[in-house]
Amino acid sequence: MKFQAPKGVSEYLPGRSVGFDHVRNTLTAAALSAGYQLAELPVFEDTELFARGVGETTDVVTKEMYTFEDRGGRSITLRPEGTAGVMRAVIEHGLDRGQLPVKLWYTGAFFRAERPQAGRYRQFYQLGVEAIGLNDPEIDAEVIAVADRGLKTLGLKDYRLEITSLGDAPSRLAHRVDLDVFISKMDLDDATRAKAAVNPLRLFDDKREVVKSQMSQAPLLIDYLSEESQLHFSRVTSLLDSYGIEYVRNTSLVRGLDYYTGTTFEFVHEKLGAQSAIGGGGRYDGLMRQLGGADLSGIGFGMGLDRILLACEAEGLELLDPDGLDLFVIALGSEAKFVAAGLVNSLRNDGFNVDMSYGDRALKGAMKAADKSGARFSLVVGEDEVTSGQISIKEMETGESHAMTISTIADFLDSF
RNA sequence: GUGGGCGUAGCUCAGCUGGUAGAGCACUCGGUUGUGGUCCGAGAUGUCGCGGGUUCGAGCCCCGUCGCUCACCCCA
């Protein structure tokens with residue numbers, strides 16, 4: 001029996017794992033730049049948390065969750081998204097009792113039992129932030145700017161920020177009345193009509209031409225915003241303007257999680273195929289209360305690390321490893337190998353990244369290994385070096401060598 | 001869940017109307033008794049995804065299955 005990874009999971013091995021780590025670290029740095037603090041949360045939660053948080057009628061809940069019963073008979077679900085778990089932790093530990101907003105970031109694996117596709121996996125990685133407790137347009141702009149800063153720091157260019165406002169409850173109620181009337185007059189198949197009955201906004205996202213052409217005349221939620229919602233949204237866009245962050249208004253932007261209200265956004269990459277959303281998020285007014293907490297608003301985003309890596313690769317960005325090897329040591333002969341191992345261990349204790357050749361490789365092969373390791377310097381240790389203590393460190397890129405004694409290697413490496 | 005394409009060496013792929021498996025890259029060794037990237041030479045590597053069927057004979061045809069992939073759906 002030959003084992004294979006479970007269907008549809010993403011995994012990153014040498015070659016791509018450095019790029020993945022770089023993406024994650026860059027987005028982490030963006031979150032830290034704005035004062036977000038780490039929340040390390042479980043990957044599974046009470047099933048009910050997601051049912052109530054994400055929305056009972058969403059596809060995510062009705063057909064994409066990994067749900068199972070644990071040994072105590074509890075219904076457990078692998079987290080399909082991050083916000084519900086963060087809210088649970090905030091409520092459970094009373095994090096909202098101090099100063100607001102509570103600003104948290106998280107990263108890790110998420111799970112949805114979907115049919116795999118380009119950029120869509122059953123286990124995938126996200127990094128997200130949540131700012132909870134205040135309904136301040138400056139926070140909306142900050143959250144969007146953090147995500148955008150992360151993408152720009154990576155060097156991404158071929159993406160766009162789409163943004164809209166889903167308004168507050170009164171706005172949406174007024175719109176829905178008119179939208180339902182409009183949809184009732186449309187020519188639709190049964191499945192689509194059923195979908196519309198659950199959430200009519202979904203029809204704005206339909207890719208079929210028959211639906212798209214009819215929906216082009218549909219009433220838009222953006223035209224129903226209350227004055228308060230309008231003011232909030234225009235302030236957010238003004239802030240983005242002042243930050244120099246470009247965006248396009250997408251009045252038919254719809255998201256698959258039910259909890260979004262007000263400011264809602266999505267980052268879309270142009271070179272990714274059908275699964276082109278590399279991240280998205282928005283404000284959620286009723287979520288915390290819905291989950292048994294105080295009636296506080298919040299806003300956050302989730303960025304898809306797998307898709308962002310794909311986007312970087314599609315743009316041909318170089319994702320370098322900042323923590324590569326400083327030195328690669330080649331030992332010739334048993335005695336030299338013993339000495340070299342001690343030297344390597346001691347340099348590692350001093351904080352350098354060092355590797356050495358193992359086995360009994362010929363010098364040529366060992367040099368090749370040094371080359372492939374990506375180390376900045378190489379060093380050959382043989383009988384002569386062991387007895388004299390004199391060595392010569394070679395700079396791999398230039399081929400230049402530097403003579404010194406073994407005891408001064410650390411000082412030499414430090415000077416670079 | 002629905003539909004299309006594809007599974008051959010570690011990777012990318014070739015393999016004719018069915019006749020018993022190949023290339024390039026990567027890897028190892030040597031040319032150059034202790035200095036990589038170039039060049040030259042040699043070598044090693046496969047249950048041809050898996051199971052069944054047709055056939056004297058299957059990598060090739062048929063069925064099933066698993067996986068990958070692309071799109072729908074949905075979303076990160």
Side-chain angles (χ1 to χ4, degrees), chain A residues 1-10 13-15 23 27 54 58-64 79-83 107-128 147 191-192 194-195 199 202 205-209 211 253-257 260 266-269 272-281 300-311 328-333 336 357 359-375 377-385 391-401:
Chain A
M1 157 104 202
K2 193 174 174 184
F3 288 109
Q4 290 181 293
K7 182 186 179 84
V9 301
S10 67
L13 299 167
V23 167
L27 294 179
V54 177
T58 58
D59 280 18
V60 168
V61 169
T62 56
K63 52 186 198 190
E64 296 172 2
R79 60 183 182 187
E81 59 95 50
T83 304
T107 188
F110 294 83
F111 308 86
R112 289 182 202 172
E114 301 178 271
R115 187 88 174 257
Q117 198 180 329
R120 187 168 80 182
Y121 309 102
R122 292 186 164 189
Q123 174 174 331
F124 57 100
Y125 296 87
Q126 269 187 229
L127 185 145
T192 310
K195 186 166 85 169
N199 184 350
R202 290 275 155 69
D205 216 17
D206 204 300
K207 288 175 185 171
R208 290 168 299 182
E209 204 45 53
V211 180
L253 181 63
V254 183
R255 297 189 49 76
L257 280 38
Y260 288 113
E266 203 165 278
F267 290 90
V268 180
H269 195 92
L272 283 193
Q275 308 304 317
S276 57
I278 56 177
F301 66 66
M303 302 299 284
L305 301 182
D306 311 270
R307 290 183 188 175
I308 292 172
L309 178 60
L310 289 171
F328 191 96
V329 178
I330 294 164
L332 301 173
S357 63
D360 293 305
R361 309 187 66 154
L363 179 61
K364 179 172 177 169
M367 275 309 292
K368 274 184 127 169
D371 190 30
K372 292 201 70 176
S373 77
F377 298 100
S378 69
L379 163 61
V380 176
V381 179
E383 271 179 51
D384 296 349
E385 286 82 0
I391 52 101
S392 166
I393 286 191
K394 179 171 181 174
E395 191 164 1
M396 294 303 280
E397 204 167 314
T398 61
E400 195 181 338
S401 34

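Each chain gets a letter, A, B and so on, in the order its sequence line appears, and its residues count up from 1.
You'll find the side chain of A:Phe267 reaches within 4.5 Å of the side chain of A:Met303, heavy atoms only. When side chains are defined from C-beta on, A:Met367 counts as touching A:Lys394, because their heavy atoms get closer than 4.5 Å. For the pair A:Glu114/A:Lys63, no side-chain contact is recorded, criterion being any heavy-atom separation below 4.5 Å from C-beta on. With contacts defined as side-chain heavy-atom distances shorter than 4.5 Å, the pair A:Glu266/A:Leu253 qualifies.
Using a 4.0 Å heavy-atom distance criterion, A:Arg112 is classed as a base contact. A:Glu266 comes within 4.0 angstrom of no nucleic acid atom, judged by non-hydrogen atoms across all strands. Counting any heavy atom pair closer than 4.0 Å across all strands shown, A:Gln123 reaches no nucleic acid atom. As judged by a 4.0 angstrom heavy-atom cut-off over every strand, A:Gly273 is placed among residues touching the sugar-phosphate backbone only. Residue contacts shown for A:Gly8 are limited to sugar-phosphate atoms, with no base heavy atom under 4.0 Å away. The residue A:Ala118 sits close only to the backbone: its heavy atoms come under 4.0 Å of sugar-phosphate atoms, none of a base. If you check every strand for non-hydrogen atoms under 4.0 Å, A:Tyr121 touches a base. At a threshold of 4.0 angstrom between heavy atoms, the contacts of A:Gly382 include nucleobase atoms, whether or not backbone atoms are also involved.
Comparing the P positions of B:rC70 and B:rG53 gives an interatomic distance of 35 Å, to the nearest angstrom. The separation of B:rA44 from B:rG22, taken at their P atoms, amounts to 13 Å, rounded to a whole angstrom. Look at the C1' atom in both B:rA23 and B:rG15: the space between them is 10 Å, to the nearest Å. As rounded to the nearest Å, B:rA21 and B:rC72 have P atoms that lie 43 Å from one another. B:rG19 sits 16 Å from B:rC62 when the P atoms are compared, rounded to a whole Å. Rounded to the nearest Å, the gap between the C1' atom of B:rU28 and that of B:rA9 is 15 Å. For the P atoms, the distance linking B:rU33 with B:rA14 amounts to 42 Å, nearest Å. With P as the reference atom, B:rC56 and B:rG51 are 23 Å apart, rounded to whole Å.
B:rA26 makes up no base pair with any nucleotide shown, lacking Watson-Crick or G-U wobble contacts both under 3.5 Å. When Watson-Crick and G-U wobble pairs are counted only if both distances are under 3.5 Å, B:rG64 pairs with B:rC50. A 3.5 Å limit on both hydrogen-bonding distances identifies no Watson-Crick or G-U partner for B:rA58. Nucleotide B:rC73 has no partner under the Watson-Crick or G-U criteria, as no pair reaches both atom distances under 3.5 Å. For B:rC16, there is no paired nucleotide, since no Watson-Crick or G-U wobble pair has both relevant distances below 3.5 Å. Both distances falling under 3.5 Å, in either a Watson-Crick or a G-U wobble arrangement, occur for no nucleotide opposite B:rG37.
For A:Gln117 and B:rC73, a side-chain-to-base donor-acceptor distance below 3.5 Å is present, hydrogens and geometry of angles not being considered. On a pure distance criterion of 3.5 Å, no polar donor-acceptor pair joins the side chain of A:Lys364 and the base of B:rG34.
For A:Gln126, the listed nucleotide lying nearest its side chain is B:rA76; candidates were B:rA76, B:rC73, B:rU35. When distances are taken from the side chain of A:Ala274 to each of B:rG34, B:rA76, B:rC72, the shortest belongs to B:rC72. Out of B:rA76, B:rC73, B:rG36, the shortest distance to the side chain of A:Met396 is found at B:rG36. Side chain of A:Ala362, nearest nucleotide from B:rA76, B:rG30, B:rU35: B:rG30. Distance from the side chain of A:Lys394 is smallest to B:rG36 among B:rG34, B:rA76, B:rG36.
Put simply, CZ on A:Arg122 and NZ on A:Lys7 are 5.5 Å apart, with the number rounded to the nearest 0.5 Å. The distance from the OG1 atom of A:Thr107 to the CG atom of A:Leu305 is 5.0 Å, given to the nearest 0.5 Å. A distance of 15.0 Å separates OH in A:Tyr125 from CD1 in A:Ile308, rounded to the nearest 0.5 Å. Between A:Glu64 atom CD and A:Asp59 atom CG the span is 5.5 Å, to the nearest 0.5 Å. Taken to the nearest 0.5 Å, the OG atom of A:Ser401 stands 10.5 Å off from the CD1 atom of A:Ile391.
Results of the side chain to side chain contact (heavy atoms under 4.5 Å, CB included) test with A:Val23 over A:Asp306, A:Leu127, A:Leu309, A:Leu310 single out A:Leu309 as the only residue that passes.
Summary of the strand contacts: A:Phe124 and A:Glu383 both lie near RNA chain B, and taking for each the nucleotide with the nearest heavy atom, the more 5' one is attributed to A:Glu383. RNA chain B is contacted by both A:Glu397 and A:Val380; A:Val380 maps to the nucleotide lying nearer its 5′ end (nearest heavy atom per residue).
Look at CZ on A:Arg120: it is 7 Å from C1' on B:rC73, rounded to the nearest Å. Rounded to an integer number of Å, the gap from NZ of A:Lys372 to P of B:rU28 is 8 Å. B:rC29 atom P lies 11 Å from atom CG of A:Asp360, rounded to whole Å. Rounded to an integer number of Å, the gap from A:Asp371 CG to B:rG36 C1' is 5 Å. Here the P atom of nucleotide B:rU2 and the CG atom of A:Asp59 are 15 Å apart, to the nearest Å. Protein atom CD of A:Glu114 is 14 Å distant from nucleotide atom P of B:rU69, rounded to whole Å. One atom, NZ of A:Lys7, and another, P of B:rG49, lie 18 Å apart when rounded to the nearest Å. To the nearest angstrom, P of B:rU38 lies 13 Å from CE of A:Met367.
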- request: For nucleotides 3-12 of chain B, just jot down a letter per nucleotide in 5' to 3' order: B, S or -, based on protein non-hydrogen atoms under 4.0 Å.
  value: B---------
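Around CD of A:Glu395, the count of heavy atoms belonging to other residues, nucleotides or ligands within 6.0 Å exceeds 12.
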